[in-house]
Amino acid sequence: MNSISIRQTFFDFFESKSHFIEKSAPMVVKNDPTLMFTNAGMNQFKDIFLGNSPAKNPRVANTQKCLRVSGKHNDLEEVGHDTYHHTMFEMLGNWSFGDYFKKEAIAWAWELLTEVYKIDSKSLYVTVFEGSREENLEPDDEAREYWKQFVPEERILYGSKKDNFWEMGDTGPCGPCSEIHVDIRSYEEKNKIPGQQLVNTDHPLVIEIWNLVFIQFNRLSNGSLQPLKAKHVDTGMGFERLCMVLQGKLSNYDTDIFQPYIRKLSELTGKTYGKNEEADIAMRVISDHLRAVSFAIADGELPSNNKAGYVIRRILRRAVRYGYTFLDFREPFIHELVPVMVENMGAFFPELPAQKELIMRVIAEEEGTFLKTLATGITKFENYIRNNPENKIIEGSFAFELFDTYGFPVDLTQLMAREKGFTVDMQGFESGMKQQKERSRAAATMETQDWIELNPGNMETIFLGYESLQAEVKPLRYRKVTSKGKTFYQLVLDKTPFYAESGGQVGDRGTLKSGEITLRILDTQKENNLSVHIVDKIPGQWPDSFIATVDENKRKLTENNHSATHLMHSALRKVLGTHVQQKGSLVDEKRLRFDFSHFAKVTPEEIEKIEQLVNERIRANIQQEEHRELSMEDAQQMGAIALFGEKYGEKVRVIAFDKDYSAELCGGTHVHSTGQIGLFKIVSEGAIAAGIRRIEAVTGRVAEDFVNGKIHTLNQVREILKNPKDIVKALQQLQDENETLNKQIHQLQKAQAGSMIDKLKSRVQKIGNLNFITVKLGIDPQMAKDLAFEMKKQMDNLFLVIGHHADGKAGITLMISDNLVNEKQFHAGNIIRELASEIEGGGGGQPHFATAGGKNVDGLDKAIEKAIEFVKK
RNA sequence: GGGGAAUUAGCUCAGUUGGCUAGAGCGCUUGGCUGGCAGCCAAGAGGUCAUCGGUUCGAAUCCGAUAUUCUCCA
């Protein structure tokens with residue numbers, strides 16, 4: 001059975017058990033401060049488990065693209081070294097939200113594995129939770145009883161809290177789980193050691209295949225467990241592992257999911273998979289990471305230098321490094337595997353073929369820059385070796401510096417060190433690493449307390465903000481959050497006119513009032529589907545309700561920019577082409593920022609065209625059309641633009657301004673008619689990554705100010721130039737004139753210096769073989785310096801002392817010919833320090849040239865006398 | 001969010017503890033030579049040493065801030 005039909009069979013099976021087949025949520029998580037990437041199938045249903053949203057379907061099944069590279073689940077460094085760790089993988093799952101529980105979940109799992117997929121039931125083992133005294137929990141005998149109907153008791157094992165009690169995080173929904181393990185060893189091996197002994201021992205051929213989680217508790221922040229009213233089932237089965245088992249392979253990488261990449265890599269390198277362990281690891285690493293990175297880019301997360309984007313960059317770089325070290329790649333190569341991936345997964349994940357070119361470009365660009373970084377690291381390393389040839393040990397601090405500052409992986413440093421007969425002080429490296437981690441942790445502590453219930457209410461806050469900016473609202477619950485010594489409160493209301501930040505539009509600000517009490521809402525944020533109002537203080541006594549008022553000015557200005565973003569998005573697609581896709585958007589009261597895929601600089605002519613189109617639509621004063629509660633199909637029928645990497649519900653909202661011109665799926669707030677926007681003006685255009693451009697623009701009053709500012713500057717220039725007819729020509733002339741004048745000055749100075757040189761030459765005193773000159777001039781230090789160097793060129797055996805003064809400051813410049821320095825051991829720097837005391841200053845320099853400066857101009861004569869005395873001695 | 005670093009000619013980069021009035025290679029311009037694949041020789045142009053401020057007799061070099069980029073940690 002190939003992987004495509006294995007996936008389909010899973011869906012068909014659960015559909016037959018009345019499950020709704022949900023789409024995979026994007027791999028990149030938005031609106032959840034605790035999570036950067038989807039790392040488990042349950043992420044997209046988190047709100048249902050937390051009781052923030054009602055379940056739309058009580059039974060759901062899906063495959064979810066997951067990424068485990070940060071936080072609690074971090075498998076990155078394992079990938080490639082064994083046959084079953086992955087960064088990106090698919091998680092198949094079935095879900096019950098307060099519907100069926102242990103009995104059905106267990107029966108169906110068994111049925112699917114043994115009767116549909118036909119796995120030999122004798123090689124399957126199951127585990128159940130053994131209970132925990134510290135938590136005061138009994139063993140999960142309920143699950144055990146159900147299993148006994150299918151599985152002989154000797155293959156039902158008890159598991160510890162670590163393996164068989166699943167928790168989402170430090171707090172939140174949790175419960176016992178029951179795992180199904182499969183033993184795919186050979187007959188002989190099985191006879192030698194019974195599978196029971198190898199369950200949960202990290203044996204690569206006795207592996208967990210499916211985890212059935214029975215969510216029945218809520219973990220509070222004080223650590224105690226609270227039973228849930230509605231119990232849920234959350235299961236997860238690793239798709240890649242399942243394919244391995246069903247295809248009779250011993251490694252995930254031998255399945256038809258990964259083999260195409262490995263074949264392509266063999267072709268590119270001429271190396272055969274399975275011949276050399278290191279090359280094999282590299283090929284596994286690359287085929288795994290390619291998938292992770294490609295999906296991330298397709299979901300709109302580009303490699304960058306911080307946050308989620310940085311995680312993506314690191315994954316890609318790990319792949320490049322393995323290719324560099326073990327497959328001898330010196331040129332970008334990973335991007336060449338993208339077409340293979342599109343061919344293999346494109347049918348089920350349409351975001352891949354749709355963005356193939358972008359993915360390839362971005363990866364190729366990243367590969368190129370990292371290969372460059374490696375080259376700088378190598379130079380740095382070689383310099384170190386050259387400067388420290390004898391100790392044969394690379395200090396930990398240097399290895400850490402290479403790693404920390406130049407991104408040079410430490411295992412590569414070790415490898416190169418070995419080639420030069422050096423070793424790396426790993427202890428020193430680790431201690432640097434430890435310090436770094438401690439610093440970061442200390443800086444990022446955030447403490448969130450439990451919710452405190454004020455009033456019972458609905459699960460999801462009702463948003464009133466599309467129609468009204470003021471409403472009477474009831475506080476439902478709040479909690480205290482402390483972050484870096486600052487304390488604030490998150491407040492949930494039954495309904496709200498406040499827009500919570502999402503879709504690029506910033507959250508609303510405003511006030512909550514009740515009698516004497518006024519709470520300022522500093523921001524409104526979204527945590528998954530929950531609208532959270534941020535307040536800096538809470539009242540001693542909570543009133544039953546507040547009058548909530550949104551800061552209207554800020555909201556209106558923001559709406560201008562948001563609607564203008566839609567108009568511009570359409571204009572971009574008209575002017576540049578339909579390959580333009582939104583890759584990021586930020587809309588606040590000051591400006592709009594829009595990132596989109598496009599492969600060339602947007603020319604000034606195109607910018608002008610875009611502005612024209614948008615302003616035309618503004619002047620047409622088009623009425624906003626809002627369609628709420630549309631099905632996805634109807635929305636697409638309308639031609640509404642949807643974004644990749646955005647999670648949409650069953651019902652979507654479409655905002656259109658003349659639906660043939662602009663229609664977009666959007667939850668944001670907008671102007672009633674485009675005329676309100678006033679003026680639209682693009683302020684900047686530039687690249688932010690390979691294939692991605694960013695435009696910033698302003699609207700309304702801000703746009704007027706921007707244009708007026710430009711005009712004002714121009715007027716000022718005009719005025720300075722005395723109102724010429726052609727301002728550009730006038731400036732050009734001015735510049736030319738400036739150039740000729742500068743040349744003239746230069747020549748004059750030369751001439752002047754010439755006459756001064758003559759003057760100096762005429763003052764030569766022969767003292768021994770010395771050509772001794774002293775002079776006092778009203779020139780600045782720079783000129784004195786020029787003069788001194790010119791004299792040095794023209795006269796041998798020179799000992800020149802120039803006392804100079806300008807702007808009330810005194811200075812001495814001393815020049816001695818090189819031969820005198822050598823013969824008589826003169827040191828101008830030392831001599832001048834003596835002289836400088838006379839002008840109440842300090843100085844210094846090299847043996848042949850030195851300068852000094854001071855406050856006392858009257859002391860110059862004395863300083864010169866001192867010089868004469870010195871020379872005469 | 002926290003740390004470390006980088007920014008010098010059109011490009012790639014040197015510039016050692018502050019001081020020989022900012023250098024190299026490639027590219028560019030001009031002239032000369034040359035029947036040859038990166039031709040050779042000579043001369044020349046090109047730099048507010050990222051920006052702003054400070055310390056100093058003197059700053060590309062030291063200190064601070066800003067911007068941009070790289071990099072590690074969370």
Side-chain angles (χ1 to χ4, degrees), chain A residues 33-36 69-72 74 76 303-311 313-314 317-318 366 369-370 372-377 379-380 383 386-387 397-410 429-430 432-446 483-486 686-689 739 743 753 780-793 802-806 809-818 821 827-856 863:
Chain A
T34 63
L35 208 57
M36 281 198 285
V69 287
S70 58
K72 193 176 136 197
N74 187 351
L76 182 59
S304 75
N305 63 354
N306 57 33
K307 301 259 170 70
Y310 182 60
V311 175
R313 171 172 280 176
R314 231 174 46 195
R317 293 192 164 184
R318 187 165 181 266
E366 273 296 313
T369 45
F370 184 54
K372 243 162 119 182
T373 304
L374 281 181
T376 5
T379 315
K380 195 94 189 154
N383 282 340
R386 205 172 315 125
N387 294 331
S397 61
F398 178 70
F400 183 71
E401 187 196 336
L402 270 180
F403 169 76
D404 183 56
T405 306
Y406 298 93
F408 213 67
V410 70
F429 177 83
E430 294 298 341
M433 198 72 187
K434 209 173 140 211
Q435 279 174 26
Q436 158 104 301
K437 285 190 177 175
E438 273 161 17
R439 247 197 324 261
S440 292
R441 233 189 300 277
T445 47
M446 182 158 126
S483 171
K484 286 198 289 177
K486 276 189 199 160
I688 57 163
E739 205 174 316
K743 273 184 192 156
D780 62 36
Q782 184 57 44
M783 226 170 143
K785 190 175 185 180
D786 288 342
L787 207 54
F789 275 94
E790 193 53 40
M791 282 301 292
K792 188 187 175 206
K793 271 188 220 160
I802 305 174
H804 44 90
H805 54 93
K809 282 185 183 168
I812 307 165
T813 298
L814 177 57
M815 176 65 85
I816 309 171
S817 290
D818 294 334
V821 170
H827 193 292
N830 296 340
I831 298 167
I832 206 150
R833 259 187 281 274
E834 298 282 317
L835 309 185
S837 62
E838 299 301 332
I839 54 169
E840 292 170 29
Q846 300 132 280
H848 78 284
F849 176 77
T851 56
K855 291 173 287 193
N856 186 12

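Naming: A, B, ... by sequence-line order, numbering from 1 per chain.
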Measure from the side chain of [X], starting at C-beta and using heavy atoms only, and say which of [options] lies closest.
X: A/D786; options: B/C73, B/A5, B/U21; value: B/U21
X: A/H848; options: B/U21, B/G4, B/C20; value: B/C20
X: A/D404; options: B/C73, B/G3, B/U21; value: B/G3

Whole angstrom value for the distance that separates [atom2] of [N] from [atom1] of [X]:
X: A/I802; N: B/U21; atom1: CD1; atom2: C1'; value: 13 Å
X: A/D780; N: B/U21; atom1: CG; atom2: P; value: 18 Å
X: A/Q435; N: B/G3; atom1: CD; atom2: P; value: 14 Å
X: A/L402; N: B/A5; atom1: CG; atom2: P; value: 13 Å
X: A/Y406; N: B/G4; atom1: OH; atom2: C1'; value: 9 Å
X: A/I839; N: B/U56; atom1: CD1; atom2: C1'; value: 14 Å
X: A/K855; N: B/U56; atom1: NZ; atom2: P; value: 11 Å
X: A/M433; N: B/G3; atom1: CE; atom2: P; value: 17 Å

Please report the distance separating the [atom1] of [N] from the corresponding atom of [M], rounded so that it comes out in whole Å.
N: B/U16; M: B/U34; atom1: C1'; result: 43 Å
N: B/G18; M: B/U56; atom1: P; result: 16 Å
N: B/A6; M: B/A74; atom1: P; result: 24 Å
N: B/C13; M: B/C70; atom1: P; result: 15 Å
N: B/A60; M: B/A14; atom1: C1'; result: 12 Å
N: B/C37; M: B/A50; atom1: P; result: 39 Å
N: B/C73; M: B/A65; atom1: P; result: 25 Å
N: B/G31; M: B/G15; atom1: P; result: 37 Å

Q: Determine, for A/D818 against A/K792, whether the closest basic-nitrogen to carboxylate-oxygen distance falls under 4.0 angstrom.
A: yes

Please name the pair of heavy atoms, one in [X] and one in [Y], separated by the smallest distance, quoted to 0.1 Å.
X: A/A784; Y: A/I802; result: O-CD1, 3.8 Å
X: A/R833; Y: A/G844; result: NH1-CA, 3.8 Å
X: A/F429; Y: A/V410; result: CZ-CB, 3.6 Å
X: A/H827; Y: A/G845; result: CE1-O, 3.7 Å
X: A/A852; Y: A/A836; result: CB-CB, 3.8 Å

Q. Counting only distance, no hydrogens or angles, is the base of B/G2 paired donor-acceptor with the side chain of A/Q436 under 3.5 Å?
A. yes

Q. Closer than 4.0 Å, any side-chain N/O of A/R439 to the OP1 or OP2 of B/G4?
A. no

Q: Map A/G407 and A/A308 onto RNA chain B by nearest heavy atom, then report which one ends up closer to the 5' terminus.
A: A/G407

Q.
At 4.0 Å (heavy atoms only), tell me whether A/F789 reaches a base, stays on the sugar-phosphate, or touches nothing.
A. base

Q.
Give the dot-bracket line for RNA chain B from 5' end to 3' end: parentheses for intra-strand Watson-Crick or G-U pairs under 3.5 Å, square brackets for crossings, | for inter-strand pairing, dots for unpaired.
A. (((((((..((((.....[...)))).((((((.....)))))).....(((((..]....)))))))))))).

Q. Partners of A/A810 by side chain to side chain contact (heavy atoms under 4.5 Å, CB included), sequence neighbours excluded?
A.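 Listed in chain order: A/I839, A/V857, A/L860.
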
Q. In terms of the angle between their ring planes, are A/F789 and A/F849 parallel, tilted or perpendicular, with boundaries placed at 30° and 60°?
A. tilted

Q. Between A/E401 and A/F408, is a side-chain contact (heavy atoms from CB on, under 4.5 Å) present by the stated rule, with each step listed?
A. CA-CA 9 Å; A/E401 187 196 336; A/F408 213 67; over 6 Å; no

Would you tabulate the pairs of protein nitrogen or oxygen atoms and nucleotide nitrogen or oxygen atoms of nucleotides 57-65 of chain B closer than 3.5 angstrom?
from, atom 1, to, atom 2, distance (Å)
B/C57, O4', A/G842, O, 2.9
B/C57, O4', A/G853, N, 3.0
B/C57, N1, A/G842, O, 3.4
B/C57, O2, A/T851, O, 3.0
B/C57, O2, A/T851, OG1, 2.7
B/C57, N3, A/G844, N, 3.3

